[in-house]
Structures are given as structure tokens and as C-alpha cells.
S.K.: 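Sharing a structure, written as C-alpha cells. Questions coming.
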Number of protein chains: 2
Amino acid sequence: MQEKLEALCQFVQNAADVGDLQVATERLRDHYDVAHIIYHWVNSVGERFGAGTYSQDWVDRYVEKDYLRMDPVILGCLQRFNPVDWKELDWSSRAARSFLREAVAFGVGNQGLSIPIRGPSGQFALFTASDNCDDYAWATFVDENMRDLMIIAHEFNKRALDFEQGGDSAPAPALSPRELAAMTYLAKGLNRAQAAKEMEISEHTLRVYIEAARHKLGALNTTHAVARALSRGLIVV
Amino acid sequence: MQEKLEALCQFVQNAADVGDLQVATERLRDHYDVAHIIYHWVNSVGERFGAGTYSQDWVDRYVEKDYLRMDPVILGCLQRFNPVDWKELDWSSRAARSFLREAVAFGVGNQGLSIPIRGPSGQFALFTASDNCDDYAWATFVDENMRDLMIIAHEFNKRALDFEQGGDSAPAPALSPRELAAMTYLAKGLNRAQAAKEMEISEHTLRVYIEAARHKLGALNTTHAVARALSRGLIVV
DNA sequence: TTCAGGCTCCCCATATCTGGTGAGGCCAGG
DNA sequence: CCTGGCCTCACCAGATATGGGGAGCCTGAA
């Protein structure tokens with residue numbers, strides 16, 4: 001078992017492209033004998049990337065309906081740190097329940113464990129295992145394999161980060177200290193006058209920072225700039 | 001060995017306070033027979049928090065000199081995802097070399113492995129093991145224990161997050177679908193007119209959503225509301 | 001030394017946002 | 001049945017942000 005884990009990690013580490021990661025999810029699914037294994041993420045530019053065993057129909061449907069924005073698994077994991085069983089999530093809204101019904105109809109499975117993974121620059125990814133079984137069987141599976149799945153999830157993300165960095169050559173828009181401070185105060189809800197007072201500079205000067213940050217971040221307005229700075233992990237509120 | 005890992009994880013999970021985490025680092029140090037084990041982080045408010053086996057002298061020195069801002073381990077890990085051996089870091093600057101000399105003099109150790117861990121809301125922590133030994137011995141140690149250390153690092157962070165969240169009691173205000181959509185478009189940089197057009201409603205209506213979201217989030221203005229929605233994981237950009 | 005980049009300050013006119021108040025229709029749960 | 005939450009629309013006046021211009025100082029790297 002332990003050797004098998006090593007072998008799977010090795011396979012992921014040696015993946016030459018996204019296709020190999022796809023194959024890795026299939027091997028993992030077979031190895032753990034579950035319905036699905038999925039790894040996916042949204043990078044800093046908003047491009048989606050994923051590898052998994054879901055049916056193409058479901059993936060298409062998911063993208064078409066922009067379910068990313070309301071999927072309780074995504075929303076729940078964004079707020080958490082540790083692996084989360086789907087049962088612990090909030091399925092109370094009507095939208096969530098109809099989503100769940102549809103997902104099950106597409107063969108996603110009624111049980112799931114999702115592991116949130118965060119990388120530099122606000123990167124966020126999700127590694128998920130799902131299956132069709134009763135609560136007890138699932139609890140047993142989770143109990144036995146959680147640790148291994150966490151390790152594998154990290155291997156996936158490591159490799160995916162390699163692909164990304166090779167691909168788009170990380171724009172890395174470093175903001176100057178004052179620009180970061182300005183963004184931070186704005187993100188905290190201060191208006192320009194207040195932020196300027198806090199930074200002990202004139203409001204005019206503050207504006208220069210905000211505009212500089214906007215340009216560096218390729219943002220359309222202040223709110224956009226703050227949103228980007230936040231989601232790229234440049235500032236923390 | 002495996003049972004020992006479980007026991008250590010259990011101990012961390014059951015930690016009642018920061019003091020217990022401190023004890024955990026000591027146990028880990030003894031168990032792995034290394035010079036030091038350290039877990040530390042900077043939370044969203046900029047408060048430092050840490051548990052570890054470094055001498056008080058070194059900790060004081062570190063804080064006094066504000067080494068956090070130039071420590072190559074910190075700077076390197078901020079840009080990486082996977083565990084990093086200190087040898088892989090950039091020690092080329094003069095400041096870095098003198099820092100290293102000083103650290104070794106304080107008994108920190110000449111070898112180290114640091115595991116960066118990221119949580120929700122930009123939280124960043126570091127779990128480090130360090131020792132005094134030759135490269136070969138260290139490579140062997142890393143090879144054998146990296147996985148376990150990653151798991152333990154996660155346990156530490158999980159518990160630390162519990163401590164933090166226990167303090168500030170996040171109420172988690174739910175936004176309605178339209179409010180979420182409004183926040184999302186604003187986070188994407190659209191102004192009210194554009195967002196309204198996108199949502200196919202009047203700008204007046206959109207304003208109602210924005211104000212509702214502002215109030216629910218306890219935000220002072222639109223930018224603040226978007227920032228909160230983002231950092232609480234309510235929306236995705 | 002030169003030069004780029006960060007930090008600081010200023011003006012003007014227009015676009016945009018904000019705060020308050022008011023109203024009607026729809027749907028689910030008590 | 002009725003209350004509460006959600007979705008939709010409207011007006012107004014004042015506060016705030018935006019876009020573009022110009023200018024001087026300081027520091028560290030080429």
C-alpha cells in the first residue's frame with residue numbers, strides 16, 4: 001500500500017503535461033476504487049485548468065452554467081483549510097440542492113471529500129475524491145486514506161504549478177510598499193481621505209499610488225485593483 | 001513509527017492552547033532527534049504567533065532586528081508551494097549571509113527544511129525542522145520524514161486556525177444570489193452601469209443589491225464589501 | 001554619474017458613487 | 001394568512017472618485 005502511494009506520487013511528479021495528470025486521476029480512481037478523482041484550479045489570471053474523471057457531459061454542463069460560482073464545494077473549501085467532507089457543507093439553499101440533484105444525475109456521486117490547496121499568489125486548487133456509497137463506507141474510506149490523499153493532492157499541485165510557471169511566465173506585478181499600504185487601507189474600507197490621513201500623506205499623493213497600483217495590476221478601477229491585490233495574495237485584510 | 005505519528009497528530013489536535021503547541025514542538029524535536037522544530041505564522045492583523053524550540057535569545061534577536069523582513073527562509077517560502085530545503089534558497093546577498101552566520105551562532109542549525117502552509121484569507125505559516133549535521137545525513141532525514149512532517153505541519157495549522165477563529169467569531173453572512181453576482185461583477189472591475197447591463201437589470205436595482213451586501217457584510221463602502229466578500233470566500237474572481 | 005523608480009505635492013473638470021426614502025410583485029415558511 | 005426575504009424599479013442632492021497634466025526629492029543600481 002505504502003509503496004503504491006510512492007509509485008502514484010512518482011507518476012504525478014514525472015507528469016510531462018496535463019494529459020499525464022489526467023491519466024494519474026484515472027489510476028488513482030482505480031486504485032482507491034472510487035467513482036471519481038478530480039484536481040482542478042483557477043489561476044491568477046482566471047483561467048481554468050483541471051484533470052479528472054468526471055464525464056465530459058458534466059464538465060461541459062458545469063462550465064456552461066458557470067457552476068463554479070455557486071458550487072457549495074468550491075464556496076465551502078474557499079473558507080476552510082482542512083479537507084472537507086461534502087456532508088459538512090452548506091446545502092441549504094435551493095440553488096445548492098438543485099445543483100446536487102443534477103450532479104448526482106451526472107454520476108458525480110453522493111459522497112465526496114475535497115481538499116483545498118493554496119499556493120503562492122493566491123492560487124487555489126481543489127483535489128476531490130467522490131463515490132457512491134453509504135455514510136459508513138465513506139467514513140471508513142476517508143479515515144483510511146485522508147493522509148495519503150493530502151499528500152497526493154500536494155503532488156498534483158506542485159506539478160501543476162510547474163506547468164503554469166513554465167507556461168505563462170508569471171507576470172508578478174510587485175507593488176511598492178506604499179502602493180500595498182494604499183491597497184490595504186482601501187480594502188479595509190477607508191476612503192481616500194481617510195487612507196491618506198492614515199498614511200500621513202496628502203490625498204493627492206495617495207491617488208498617485210492607487211493609480212500606479214491600478215496600472216500595475218491591469219485593473220479597470222479601484223475596486224478591481226483591490227480585488228486583484230487580494231486574490232493574488234499581495235495584501236491581506 | 002506510524003503509530004507514533006498518529007499519537008503526535010492527536011496531541012496537536014487536542015492542544016488546548018498555544019502552550020500545548022509549544023510542548024508539541026518539543027516532543028517532535030525529541031522524537032525526530034533534530035535540533036529544532038518551529039511553527040510560526042503572521043495572521044491577518046499582522047500579529048505574530050509561534051511555537052518552537054529556538055532559544056529565547058534568538059527569538060528576541062529575530063524580533064528586535066525585524067529579521068522577518070529579510071530572512072531568506074521566509075522570503076523563499078512566500079514564493080513557493082512545496083517544502084523547501086534551506087540549501088535551495090537564495091543566500092547570495094550580503095545581508096542573507098550575515099543573517100545565516102548569526103543564526104548558526106545562536107544554535108539554529110546549518111540544515112533546515114521549511115514547509116510553507118497557506119490558509120484562507122491569505123494566512124501564511126511556516127513549519128520548520130532544523131539540525132546540525134552533514135548534507136548526507138540531512139538528505140536521509142528529509143527523504144524519510146518529509147511526508148510525515150507535511151502532515152504534522154497541517155495539523156499545527158489547523159489547530160492554530162481554530163485558536164484564531166475562536167477569537168474573532170466569524171458570523172458568515174450569507175448573500176443572496178443576486179447580491180453575490182453583483183459583488184462578483186464589481187470585483188471583476190465593472191462599474192455599476194456595466195454590471196447592471198450584464199445582469200440585465202436597472203442600475204437602480206443593482207444599487208439595492210450592493211447596499212444590501214454592504215450592510216450584510218458590515219462594509220463601509222463598495223470596495224470594502226467586495227474585499228470582504230473575496231476574503232471570506234463568498235465570491236470567486 | 002546618470003538614470004530609473006519610488007515618494008511627495010498640486011490643479012481642474014467630469015464621471016461615478018452614496019445615502020436616504022418609497023413602492024410593487026413573488027415566493028416560502030410559520 | 002401574513003410576515004419576511006428577495007427581486008425589481010424610481011428620484012434627488014451632495015460626496016467621492018477618476019483621468020490627465022506637471023514638478024521636485026531621494027535612493028540604489030548600472
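Below, chain A is the first sequence line, B the second, and so on; all start at residue 1.
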S.K.: From OH of B:Y209 over to C1' of D:dC9, roughly how many Å is that when rounded to an integer?
M.R.: 10 Å
S.K.: Using the six-membered ring wherever Trp is involved, compare the ring planes of A:Y62 and A:F99 and label them parallel, tilted or perpendicular (cut-offs 30° and 60°).
M.R.: perpendicular
S.K.: So, OP1 or OP2 of D:dG5: does either fall under 4.0 Å of a side-chain N or O from B:K216?
M.R.: no
S.K.: Can a side-chain donor-acceptor contact be found between A:Q111 and A:D134 if the only test is distance below 3.5 angstrom?
M.R.: no
S.K.: Quick check, are the ring centers of A:H154 and A:F127 under 6.0 angstrom apart?
M.R.: no
S.K.: Mind checking whether A:W58 and A:Y67 have parallel, tilted or perpendicular rings, split at 30° and 60°?
M.R.: tilted
S.K.: Please give, in whole Å, the distance from D:dC7 C1' to B:L175 CG?
M.R.: 15 Å
S.K.: Under 3.5 Å, is there a donor on one side chain and an acceptor on the other for A:H36 and A:S130?
M.R.: no
S.K.: For a quick test of reading the model: is some side-chain N or O of A:S176 closer than 4.0 Å to OP1 or OP2 of C:dG5?
M.R.: no
S.K.: How many Å lie between CG on A:L180 and P on C:dG5, as a whole number?
M.R.: 17 Å
S.K.: Between A:D57 and A:S55, do the side chains contain a donor N or O and an acceptor N or O under 3.5 Å apart?
M.R.: no
S.K.: What is the distance from CZ of A:R178 to C1' of C:dT8, rounded to the nearest Å?
M.R.: 9 Å
S.K.: Between A:R207 and A:E211, does at least one N-O distance fall below 4.0 Å, as a salt bridge requires?
M.R.: yes
S.K.: Closer than 3.5 angstrom, by distance alone: can the side chain of B:T25 be matched with the main-chain N or O of B:I38 as a donor-acceptor pair?
M.R.: no
S.K.: Give a yes/no answer on whether the side chain of A:S202 brings an N or O atom under 4.0 Å of OP1 or OP2 in C:dT8.
M.R.: no
S.K.: Using a 4.0 Å cut-off on protein heavy atoms (strictly under), produce a 5'-to-3' string for nucleotides 12-30 of chain C with B for base contact, S for backbone-only sugar-phosphate contact, and - for none.
M.R.: B---SBBBB-------S--
S.K.: How does protein contact run along nucleotides 25-30 of chain D, one letter per nucleotide 5' to 3', with B for base contact, S for sugar-phosphate only, - for none, heavy atoms under 4.0 Å?
M.R.: ------
